[in-house]
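Read through the structure below, which is laid out as structure tokens, and then see the notes.
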Protein chains: 2
Amino acid sequence: MSESTGGETLLFLTDEQLRQGIEAMFFAYRGFTADPDRILATMAYGRAHHRAIHFIARAPGTTVNNLLEILGVTKQSLNRVLRTLVEDGLVESKVGTTDRRERNLFLTEDGMALERRLSDAQRARMRAAYRQAGPEAVAGFRTVLEAMMDPEMRRKYNALREGGA
Amino acid sequence: MSESTGGETLLFLTDEQLRQGIEAMFFAYRGFTADPDRILATMAYGRAHHRAIHFIARAPGTTVNNLLEILGVTKQSLNRVLRTLVEDGLVESKVGTTDRRERNLFLTEDGMALERRLSDAQRARMRAAYRQAGPEAVAGFRTVLEAMMDPEMRRKYNALREGGA
DNA sequence: CTTGGAATGTCAACAAAGCTGACGTATTGT
DNA sequence: ACAATACGTCAGCTTTGTTGACATTCCAAG
């Protein structure tokens, strides 16, 4: 693994630079989740509920299986979260129209209200960071993040962009 | 909070753009932790052990309290992790020299070996992403991440950079 | 030299959120 | 008719976080 390609354009690939990038991801992710977490802590919900709510809002009518793949958890784990959300009247689970084995998931009015509250908080931080960093930095930010994803996740990510456009 | 400043340089601040940034963070963080997670799954360790090992390697001799602040967990939670690492001979806890209440934490040879294995895996992905994205994108990536951090975390982050230089 | 407070460690109990494995039911497609 | 799929659920386990209580050790101020 000895990196002796050492051109000047590759100077930013020293282990020290990479390590700083790793730490930046760690600390930034903490900030990224901090605001929604604070809101969720006041109710009986956690980060798992937020993720489910986010992606149902993003792709209304999505199936359980699709959500499973996006979130990368087991159906048992997701089911526990989904059940409480349905019970609490934030999510509605409708039998599929074409395939009645499937369940199409939607947010109720209350669900949308919570989603808005959570994502407003998260977007506010994002907006501040974007504004501070400037458009070019934001483009670079997105480029690097996409390159870091697993190929499968990049596909899911792009599918959301196309569907949500 | 209505955003009617609408200049063309602010087009990237639409809710849709922000939402995509949020999702990019989510999917990228999954990739970011995937490789070390795979290694750790083969032993009796988890992500919490990785974090402790990383920051002890980064700042040898750090105190428990300092580590607590960096990781943002309770001492009980950290202690459980730290205890197993000490028991397994990966971390050494030495009584402080100036203040003997403190414990200075160091990695043993075995600890350093594991740290190298984990961070090699994580850096490999980082390196690939950086290389693919290019130096300018990397600079933007870092800028946005720093802007996303809580001020306290940014201080910790910068302290590590100065100390580790 | 005593004592208050700080730093650390530890016990117990608990919660959130992940996991595996097994099983049941409804529905669909072959 | 039958196999496969989508979903839900029960039971049990693990990791990693939390509170609260309490002991120990030690520095520093009085």
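First the proteins, then the strands, lettered A, B, ... as listed; each starts at 1.
- Under the 4.0 Å criterion applied to side-chain N and carboxylate O atoms, A:E23 and B:R142 are not assigned as salt-bridge partners.
- Rounded to whole Å, the distance from CG on B:L71 to C1' on D:dT15 is 16 Å.
- In the interface, the side chain of A:Q76 is not paired with the base of D:dG12 through any donor and acceptor atom under 3.5 Å apart.
- At C:dA17, one or more side-chain N or O atoms of A:H49 fall inside 4.0 Å of OP1 or OP2 (strictly under the cut-off).
- The separation between A:H50 atom NE2 and C:dA17 atom P is 13 Å, rounded to whole Å.
- Residue B:R103 places at least one side-chain N or O closer than 4.0 Å to OP1 or OP2 of C:dG9.
- We find that CG of A:L85 is positioned 10 Å from P of C:dA17, with the value rounded to whole Å.
- Between the CG atom of A:L82 and the C1' atom of D:dA6 there is a distance of 13 Å, given to the nearest Å.
- Distance, B:Y45 OH to D:dT16 P: 11 Å, rounded to whole Å.
- The nucleotide whose nearest atom lies closest to any side-chain atom of B:A48 is, among C:dC19, D:dT16, C:dT27, D:dT16.
- Within 4.0 Å (heavy atoms only), A:T98 reaches sugar-phosphate atoms of the nucleic acid but no base atom.
- Distances from the side chain of A:K75 to the nucleotides D:dA6, C:dC23, C:dT8 place C:dC23 closest.
- Rounded to whole Å, the distance from CG on B:N79 to P on C:dG9 is 6 Å.
- The aromatic rings of A:F27 and B:F55 are tilted relative to each other, their planes meeting at an angle between 30° and 60°.
- If you check distances only, the side chain of A:R101 does reach the base of D:dT5 with a donor-acceptor pair under 3.5 Å.
- Below the 3.5 angstrom threshold, one finds a donor paired with an acceptor across the side chain of B:R80 and the base of D:dG17.
- Relative to the side chain of B:D99, the nucleotides D:dG17, D:dC27, C:dC19 differ in distance, and D:dC27 lies closest.
- Checking D:dT16, D:dC7, C:dC19 against every side-chain atom of A:V73, the shortest atom distance belongs to C:dC19.
- Remark: B:T74 is in phosphate contact with D:dT18, judged by side-chain N or O atoms under 4.0 Å from OP1 or OP2.
- A close approach under 4.0 Å does not occur between any side-chain nitrogen or oxygen of B:R83 and OP1 or OP2 of C:dT8.
- Atom-to-atom, CG of B:D37 to C1' of C:dG18 comes out at 12 Å; the value is rounded to the nearest Å.
- At whole-Å resolution of the value, CG in B:L68 and P in D:dT18 are 9 Å apart.
- One finds no salt bridge joining A:D120 and A:R117 here, because no Lys/Arg side-chain nitrogen approaches an Asp/Glu carboxylate oxygen to under 4.0 Å.
- Taking the six-membered ring where tryptophan is involved, the planes of A:H50 and A:H54 are perpendicular, since the angle between them exceeds 60° and thus also 30°.
- Contact check on B:R123 versus A:D15 returns a salt bridge, with a Lys/Arg side-chain nitrogen under 4.0 Å from an Asp/Glu carboxylate oxygen.
- Contact annotation: B:N65 reaches the phosphate of C:dT8 (side-chain N/O to OP1 or OP2, under 4.0 Å).
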